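A note on names: the letters A, B, ... follow the listed sequences, proteins ahead of strands, and every chain is numbered from 1. Heavy-atom basis, side chains included; hydrogens, waters and symmetry copies ignored. Keep in mind that what you see is a predicted model, and the values were worked out from it rather than measured.
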Amino acid sequence: MSAERLQDLLVRGLDGDSRAYHGFLSELTGYLRSYLMRRLSSLPDDVEDLVQESLLAIHNKRHTYDRTQPLAAWVYAIARYKLVDFLRGRAIRDSLNTPLDEEDSFFATSNTDAAEARQDIMKLLDQLPEKQRMPIIHTKLDGLSVEEAAQKSGMSESALKVGVHRGMKALAALVGERR
Amino acid sequence: MRTNELINMLATGANLEQTSDPWRRLAYAIGSGALVSSILMVKAIPVNPDITNAIQLAAFWQKLGFAAAIAAVALLMVFRLSRPGVRLGNVLPALMVPILAIWILAGIALVTAEPEARASLFFGNTWKVCPFLITMLATPVFAASFWAMRDLAPTNLRLAGAAAGLLSGAVGAVVYCFHCPEMEAPFIAFWYLLGILIPTVVGGLAGEKMLRW
């Protein structure tokens with residue numbers, strides 16, 4: 001069962017195993033894309049943007065996952081929320097009129113065929129204030145440890161962690177605003 | 001940016017951002033809101049001078065129990081609605097229990113009273129201020145729970161906002177019990193409930209915009 005394996009990967013990721021977490025996000029992406037393609041069949045160019053936005057949301061809200069909860073219910077609720085938010089922004093409600101309960105079939109189909117996203121999260125990163133941008137670049141792009149990044153930037157370790165945390169939230173907000 | 005690059009970025013240093021527990025923060029926010037609300041009551045509309053006698057009456061505990069039961073159900077709703085993919089379950093029937101109970105008690109009180117006494121059972125002496133004072137005492141918990149819920153992930157914003165409003169109204173009513181001299185069930189069943197419902201409606205309307213993430 002892919003759902004159980006994915007859940008295992010996420011739980012290990014939440015415990016600090018970044019390789020498991022990478023595996024979780026990579027594999028989840030296929031299911032997210034497949035789901036969003038089905039629901040956004042009239043707007044195929046927006047699918048990859050929304051895949052990325054959903055991934056960012058899942059990452060930023062990962063503390064709301066309860067380990068005893070079925071993974072599909074949690075992921076589906078977030079993906080659907082982002083889809084509804086997107087469609088509301090565009091005032092397109094038609095495609096939501098079919099009240100399919102897709103939670104149970106969320107892990108049934110996956111699509112690993114990535115298209116090009118239109119938004120560039122890297123460019124959005126430039127809009128963040130320095131004390132959020134640099135911690136993200138050091139730890140998440142250059143792969144430095146917290147201690148190394150703190151030394152390099154002259155920030156304290158806790159200030160650095162707060163910078164990453166707030167920066168990721170600000171990034172997700174910028175992605176939502178741009179539409 | 002390609003999606004696999006984003007995934008690399010998200011998974012690098014995956015564990016380092018967990019700086020605080022947002023569930024604990026929600027609990028602290030609601031607790032501090034309740035504390036501020038109590039201080040507000042003591043300072044702005046003092047404690048009932050007759051409180052030592054009032055707490056010996058069953059009617060006092062009846063109205064306190066009514067407000068506290070709604071607060072307990074609303075608290076459960078706030079926590080459930082802040083977590084994606086969690087169903088509300090049987091909270092709506094649970095919410096109806098204290099409301100129906102007070103309505104039944106109110107009905108009995110009105111039916112058994114002398115006709116000329118009914119108006120004073122319903123209006124008491126303070127009906128004009130009661131719902132507004134409860135709403136005022138609700139504002140600290142209202143603001144605190146909205147603030148804390150933004151870090152969680154409510155997916156039904158209107159309902160989540162209404163639940164936060166209901167919680168704040170019920171906490172406001174609990175605090176108000178220590179000021180309010182009214183004890184009659186018909187008064188509680190209408191004016192207290194109205195005071196609780198005002199922040200609930202405001203929360204539902206505000207949730208859509210203020211809880212968006």
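- The environment of A:R38 atom CZ is dense: over 12 non-hydrogen atoms of other residues, nucleotides or ligands sit within 6.0 angstrom.
- Taking chain A as the reference chain and counting heavy-atom pairs below 4.5 Å, the highest number among B:N4, B:L6, B:N156 is found for B:L6.
- Most heavy-atom pairs under 4.5 Å with chain B: of the set A:H22, A:K169, A:E157, this distinction falls to A:H22.
- More than 12 heavy atoms of other shown residues, nucleotides or ligands fall within 6.0 angstrom of atom CZ in A:R67.
- With a threshold of 4.5 angstrom between heavy atoms, A:Q52 approaches chain B through its backbone and through its side chain.
- Interface residue A:L25: backbone and side-chain heavy atoms are both found under 4.5 Å from chain B.
- Between B:F142 and B:F146, the ring centre distance stays below 6.0 Å.
- Taking the six-membered ring wherever Trp is involved, the centroid distance between the rings of B:W213 and A:Y81 falls below 6.0 Å.
- Using a 4.5 Å cut-off between heavy atoms, A:Y65 touches chain B through its backbone atoms (N, CA, C, O) alone.
- Proximity to chain B is limited to the side chain of A:T29, based on heavy atoms less than 4.5 angstrom apart.
- Of the atoms belonging to A:R33, it is side-chain heavy atoms, and not backbone ones, that fall under 4.5 Å from chain B.
- The aromatic rings of B:W191 and B:F187 sit tilted relative to each other, their planes meeting at an angle between 30° and 60°.
- With a 4.5 Å cut-off on non-hydrogen atoms, B:W23 touches chain A through its side chain but not through its backbone.
- When heavy atoms are compared at a cutoff of 4.5 Å, A:I136 approaches chain B solely by way of its side chain, counted from C-beta outward.
- The ring of A:F107 has its center no closer than 6.0 angstrom to the ring center of A:Y35.
- A:L171 touches chain B through its side chain: at least one heavy atom from C-beta onward sits under 4.5 Å away, while N, CA, C and O do not.
- The aromatic rings of A:Y76 and A:F106 stand perpendicular to each other, their planes meeting at an angle above 60°, with 30° marking the opposite boundary.
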